[in-house]
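Values below: every heavy atom of this structure, side chains too, minus hydrogens, waters and symmetry copies.
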Amino acid sequence: MKKHKSKYVVGLMSGTSADGIDAVVAEISGGGLGLKVRLVAQRQQAFSGALREKILRISLHGTVAEICELNFELGGHFAKSAAQVIRKAGLKLGDVALIGSHGQTVHHLPGARLPSTLQIGEPAVIAERTGITTVADFRVRDVAAGGQGAPLVPYVDWVMHTDKERPRILQNIGGIGNLTFLPPKAGLEQVRAFDTGPGNMVIDAVAGILSHGRLRFDRNGAWAARGKVNEKLLKELMRHPFIRRSPPKTTGREEFGEEFVARLMAQARRTRLADEDVLATATAFTAESMADCYRRFVMRGIPRNKLPLLQIILGGGGAKNSALLRMLAERVAPAAVLTQDDLGWSNSAKEALAFAVLAHETVHGRPANVPSATGARRAVVLGKIVPGRSRPSA
């Protein structure tokens, strides 16, 4: 049997919250269910408040000129983050075979008359400044094949987390929440995945408004933990059309961004809720939207004898929110609620690690979308390859 030589690959991710760049170095070999991954180093670089505000404004209201310039500006930030995490790993730029960059989503319109999606953070800038072959723009090929362009992490969940005995729900909580359901011994065609609704996006925005801009997020959910959930407002939030929609489905800032939060705050003020109660209710909305998806779209398909073995494994920044974890656990008991940390991985590294793996699969010509999750007509190779100073070797 041919032995696959391992390579160092960088993964870069900036989510819909636009709070910064998560970067990892991973050692990867093999492919498909034979993939082997070792996390070597990780690093987080927060965006300045001014840059974050610019990204959020341009994502909804930017001119063509502003998007054009921001594309190159963010490419520079991604290149810098790649170089920094490589140094943290004790490596040189020349030791790294590949960079996989998700980029920064500025608009995602899978349900439009002409479905489309746009991520920026120019990969040519990354490749030029680092000299490393860069794979980026992963979502557009799935959309071109009739899919929603999201979620893309399920392939990585499948190769890394399928269990022989236990059914598992892998729940990522970034700006948007998304799940991957893995039956025991799952084949790729059995994987189900879709966006569950808001992750941190609404919570972060509410925390920013209530703190008059002093806070970018509710650290550990401490503020929400002091409040009481307003069940009437929560019930109203759960009537959102996306929540009621059946999978495959994907969402973003277009549905749960500035306008949605403004309506939520107006409802809260009319009800005269205390600040901590508003934040508790926003946090409960994320928890309830996830639990609702489990009940309606996942648990009904799990054999009764397997339900006691179900594990719900959380990753992403929201896995650090203790109030959110408590609210979710109350809603899904007796299922076990764990985090990526409990499995020996890093909560904050999950998505960046996923794009390192996806880049690795791309240069080897392996399809890595999951049509049953995205709705694509077929499995396709994802991303665009920008050669570095030497071409990638498969």
Checklist entry - Would Glu258 and Arg57 pass as an ion pair if we require N to O under 4.0 Å? => result no
Next on the checklist: Tell me whether the rings of Tyr155 and Trp158 are parallel (<30°), tilted (30 to 60°) or perpendicular (>60°).
Outcome noted: tilted
Next on the checklist: Looking at Thr286 and Gly199, would you say the former's side chain and the latter's main chain have a donor-acceptor pair under 3.5 Å?
Outcome noted: yes
Next on the checklist: If you take the centroid of each ring, where Trp contributes its six-membered ring, are Phe260 and Phe285 closer together than 6.0 Å?
Outcome noted: yes
Next on the checklist: Is it the case that over 12 heavy atoms from other parts of the model lie below 6.0 angstrom from the NZ atom of Lys306?
Outcome noted: yes
Item to check | Atom CZ of Arg272: over 12 foreign heavy atoms under 6.0 Å | outcome: no
Checklist entry - Are Leu152 and Phe194 in one and the same hydrophobic cluster, where Ile, Leu, Val, Met, Phe, Trp and Tyr link if side-chain heavy atoms are under 4.5 Å apart? => result no
Item to check | Euclidean distance, Arg269 CZ relative to Leu264 CG, rounded to 0.5 Å | outcome: 10.0 Å
Checklist entry - Can you tell me if CD on Glu128 sees more than 12 non-hydrogen neighbours from other groups inside 6.0 Å? => result no
Checklist entry - Does CD belonging to Glu259 count more than 12 external heavy atoms closer than 6.0 Å? => result no
Item to check | Ion pair check, Lys232 and Glu236, cut-off under 4.0 Å | outcome: no
Item to check | Under 3.5 Å side-chain donor-acceptor pair for Asn220 and Ser322 | outcome: no
Next on the checklist: Under 4.0 Å between a side-chain nitrogen and a carboxylate oxygen: does that hold for Glu276 and Lys228?
Outcome noted: no
Next on the checklist: Looking at Glu66, I want to see if its CD is surrounded by more than 12 non-hydrogen atoms of other residues, nucleotides or ligands under 6.0 Å.
Outcome noted: yes
Item to check | Arg245/Glu255 ion pair, N-O < 4.0 Å | outcome: yes
Checklist outcome for this item: Looking only at heavy atoms, the pair that brings Ala280 and Val229 closest together is O-CG2, 3.7 Å
Could you tabulate the donor-acceptor pairs under 3.5 Å formed by side-chain atoms of residues 172-184, not counting sequence neighbours?
residue : atom : partner : partner atom : Å
Asn172  : ND2  : Glu351  : OE1          : 3.4
Asn172  : ND2  : Glu351  : OE2          : 3.3
Thr180  : OG1  : Asp157  : OD2          : 2.7

Checklist entry - Between NZ of Lys249 and CZ of Phe297, what distance do you get to the nearest 0.5 Å? => result 5.0 Å
Checklist entry - Looking at side-chain heavy atoms only, is the closest gap between Lys350 and Val153 below 4.5 Å? => result yes
Checklist entry - Are any non-hydrogen side-chain atoms of Leu237 and Gln267 less than 4.5 angstrom apart? => result yes
Side-chain donor/acceptor pairs under 3.5 Å, residues 79-87, sequence neighbours excluded:
residue : atom : partner : partner atom : Å
Ser81   : OG   : His77   : O            : 3.3
Gln84   : OE1  : Arg43   : NH1          : 2.7

Checklist entry - Going through the distances and angles, do Met290 and Ile169 end up as a side-chain contact (heavy atoms from CB on, under 4.5 Å)? => result CA-CA 11 Å; Met290 293 191 297; Ile169 295 173; over 6 Å; no
Checklist entry - Would you say the side-chain atoms of Ser17 and Asn200 include a donor-acceptor pair closer than 3.5 Å? => result no
Next on the checklist: Taking atom CZ as the centre, does Arg219 end up with more than 12 heavy-atom neighbours from other residues, nucleotides or ligands that are less than 6.0 angstrom away?
Outcome noted: no
